[in-house]
> 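I'd like to ask you about the structure that follows.
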Amino acid sequence: MQTPEEVLVMRQLLERGWSRRRIAAELGISRNTLDRYLRLGEWQPYSTANRPGQLDGHRE
């Protein structure tokens, strides 16, 4: 997961005319990760599904 500061850097480099491939290589992340954060427009915390686990019935 990227920090809000890293996402800000991604957006600034894109505005300066850097290619998505170059930004991803410079930051050491995949292009898919870069595209996801740029598509969101800003940093958002990673969301996880709140679902029951297989052992939840045995916790008592």
Side-chain angles (χ1 to χ4, degrees):
M1 179 154 91
Q2 305 301 312
T3 64
E5 293 80 19
E6 291 171 327
V7 176
L8 181 62
V9 169
M10 291 176 200
R11 295 182 62 192
Q12 289 173 344
L13 292 175
L14 188 66
E15 289 174 1
R16 290 182 183 173
W18 285 35
S19 70
R20 293 175 189 260
R21 180 178 291 190
R22 182 178 175 193
I23 295 169
E26 187 72 26
L27 298 177
I29 59 174
S30 73
R31 284 185 282 165
N32 290 337
T33 301
L34 174 67
D35 288 339
R36 181 168 51 90
Y37 280 105
L38 292 176
R39 185 174 46 249
L40 291 173
E42 61 184 18
W43 181 84
Q44 293 182 359
Y46 187 75
S47 63
T48 59
N50 192 9
R51 59 184 179 194
Q54 290 181 333
L55 300 177
D56 282 349
H58 301 285
R59 293 191 189 270
E60 300 168 354

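Keep in mind the model is a prediction, meaning the values are calculated, not measured.
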> Please assess Glu26 against Trp18 for the test side-chain contact (heavy atoms from CB on, under 4.5 Å), listing each intermediate value before the final yes or no.
CA-CA 10 Å; Glu26 187 72 26; Trp18 285 35; 3.9 Å; yes
> Of all residues at least two apart in sequence or in a different chain, which pass the side-chain contact (heavy atoms from CB on, under 4.5 Å) check with Leu27?
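Counting only residues at least two positions away or on another chain, Leu27 forms a side-chain contact (heavy atoms from CB on, under 4.5 Å) with Val9, Met10, Ile23, Ile29.
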> Write down the atom of Arg31, the atom of Arg21, and the distance for their closest heavy-atom approach.
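Looking at all heavy atoms of both residues, the closest pair is NH1-NH2, 3.2 Å.
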> Which one of Thr33, Leu34, Asp35 satisfies the side chain to side chain contact (heavy atoms under 4.5 Å, CB included) criterion with Tyr37?
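One option only clears the test, and that one is Thr33.
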> Going from CZ on Arg11 to CG on Leu13, what distance comes out if it is rounded to the nearest 0.5 angstrom?
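Spacing of CZ (Arg11) from CG (Leu13) equals 12.0 Å.
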